[in-house]
> 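Mind having a look at this structure? Questions to follow.
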Amino acid sequence: MPSLLEIDHPCARKQIADARRAVESTPEEDDQVESNPSRTAELGSSGETDVAQWNVLQFNTGSTTPFIIKCGANSNSELVIKADARVQEPKGGEIVRVVPRPSVLENLSLEDMKQIFSQLPEALSLLALARTADGTRARYSRLYRTLAMKVPSLRDLIGELEKGGVLKDVRP
C-alpha cells in the first residue's frame with residue numbers, strides 16, 4: 001500500500017479484511033450448465049464445472065468498476081471460470097463456464113468468436129474482444145494464459161500450449 005498515507009493503512013487493511021471475509025463467506029452456487037450438446041462440443045469441453053479450489057483475479061480497466069473473475073480447473077484439466085453474467089447492474093448473478101482453449105478460435109471469424117463469447121461472462125468478452133479476429137485471438141490467448149497460470153494444476157498445460165504454438169500472443 002505504498003500509495004497510501006501511513007495514517008490510511010489501518011483503514012485500508014480493515015476494508016481488505018472485510019472484503020476478503022465477504023468473498024469467503026459467499027456460498028458457491030451450482031448454475032445450470034449449457035444444455036445444448038452441439039454448443040458444448042463446439043466450445044471443446046465436457047461442460048464439467050466442479051472445481052475444488054477457486055482463485056480470484058481482479059481486472060482494473062480504468063473505465064468501469066473492476067472485473068472479478070474466479071478461475072479453477074475441473075477434473076479434465078479444463079479452465080473453469082465463475083463471474084457475474086453482466087458487468088453493469090443488474091449483474092444477473094454468477095455463472096460458471098468451462099473456457100474454450102485458444103485453439104478453438106483458430107479458424108473462426110470475429111462474428112463466430114463473438115457468438116462463443118456470448119455464452120461466457122461479459123467480463124471475459126470485454127477483456128478478450130478486439131477490432132479484428134487476429135487481435136481477438138491474441139488478446140484471448142493472453143487472457144487465457146493469465147487465468148490458467150493462477151491455477152496450479154494448469155501451469156503444465158500452459159507450457160504445452162506454448163510449445164505447440166497454440167497461444168497466439170507468443171512471438172516466434
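None of these values were measured; they are calculated from a predicted model. Just so you know, residue 1 is the first one in the sequence shown, and it goes up from there. In what follows, every heavy atom counts, from backbone to side chain, and hydrogens, waters and symmetry copies are set aside.
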> Of all the heavy-atom pairs spanning Pro121 and Ala83, show the shortest one and how long it is.
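Taking Pro121 first and Ala83 second, the nearest heavy atoms are CB-CB, 3.7 Å.
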> How close do Ile116 and Pro100 get, heavy atom to heavy atom, and via which atoms?
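It is CG2-CG, 4.1 Å.
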> How about Pro152 and Asn55: do any of their side-chain heavy atoms sit closer than 4.5 Å?
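Pro152 vs Asn55: side chains touch.
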> Side-chain contact, heavy-atom cut-off 4.5 Å: Leu127 with Ile69?
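The answer is yes, as the side chains (C-beta and beyond) meet within the 4.5 Å cut-off.
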> Applying side-chain contact (heavy atoms from CB on, under 4.5 Å), name anything that partners Thr146, two or more places apart in sequence or on another chain.
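Checked Thr146 against side-chain contact (heavy atoms from CB on, under 4.5 Å); matches are Leu57, Phe59.
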> How long is the gap from CG on Asp18 to CZ on Arg21, to the nearest 0.5 Å?
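If we round to the nearest 0.5 Å, Asp18:CG and Arg21:CZ are 4.5 Å apart.
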> Of all the heavy-atom pairs spanning Lys82 and Val96, show the shortest one and how long it is.
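Looking at all heavy atoms of both residues, the shortest contact is CG-CG2, 3.8 Å.
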> Keeping the roles fixed (side chain from Asn76, backbone from Glu78), state whether a donor-acceptor pair exists under 3.5 Å.
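Pair absent, no side-chain N/O of Asn76 close to backbone of Glu78.
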> Search all heavy atoms of Glu94 against all heavy atoms of Lys70 and return the closest pair with its distance.
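For Glu94 versus Lys70, the nearest heavy atoms are OE2-NZ, 3.0 Å.
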> Do Val56 and Val151 belong to the same hydrophobic cluster, where Ile, Leu, Val, Met, Phe, Trp and Tyr are linked whenever their side-chain heavy atoms lie under 4.5 Å apart, directly or via other members?
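No, Val56 and Val151 fall in different hydrophobic clusters.
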> What pairs meet the ring-ring contact (aromatic ring centres under 6.0 Å, His included) rule with one or both residues in residues 118-142, with sequence neighbours excluded?
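Found Phe117-Tyr140.
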> What about Ile68 and Val87, same hydrophobic cluster or not, with Ile/Leu/Val/Met/Phe/Trp/Tyr joined at side-chain heavy-atom distances under 4.5 Å?
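No, Ile68 does not connect to Val87 through the hydrophobic network.
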> For Ser75, give me all partners under side-chain contact (heavy atoms from CB on, under 4.5 Å), at least two apart in sequence or on another chain.
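Counting only residues at least two positions away or on another chain, Ser75 forms a side-chain contact (heavy atoms from CB on, under 4.5 Å) with Glu48.
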> Please tell me if the side chains of Trp54 and Val80 come closer than 4.5 Å, counting only heavy atoms from C-beta onward.
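Touching, per the 4.5 Å side-chain cut-off.
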> Measure the CD1-CG distance between Ile81 and Leu120 for me, rounded to the nearest 0.5 Å.
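Going from CD1 on Ile81 over to CG on Leu120, the span is 5.5 Å.
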> Considering non-hydrogen atoms only, spot the tightest contact between Glu122 and Arg86 and give its length.
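In terms of heavy atoms, the two residues are closest at OE1-CA, 3.2 Å.
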> Ignoring hydrogens, what is the shortest heavy-atom contact between Ala128 and Arg139? Give both atom names and the distance.
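Looks like O-CB, 3.3 Å.
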> Could you tell me if the side chain of Leu124 sits less than 4.5 Å from the side chain of Phe67, heavy atoms only?
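Contact flag for Phe67/Leu124 side chains = no.
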> Counting only heavy atoms from other residues, nucleotides and ligands, does the tally under 6.0 Å from CZ of Arg20 exceed 12?
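Counting neighbours around CZ of Arg20, 12 or fewer heavy atoms of other residues, nucleotides or ligands fall under 6.0 Å, so no.
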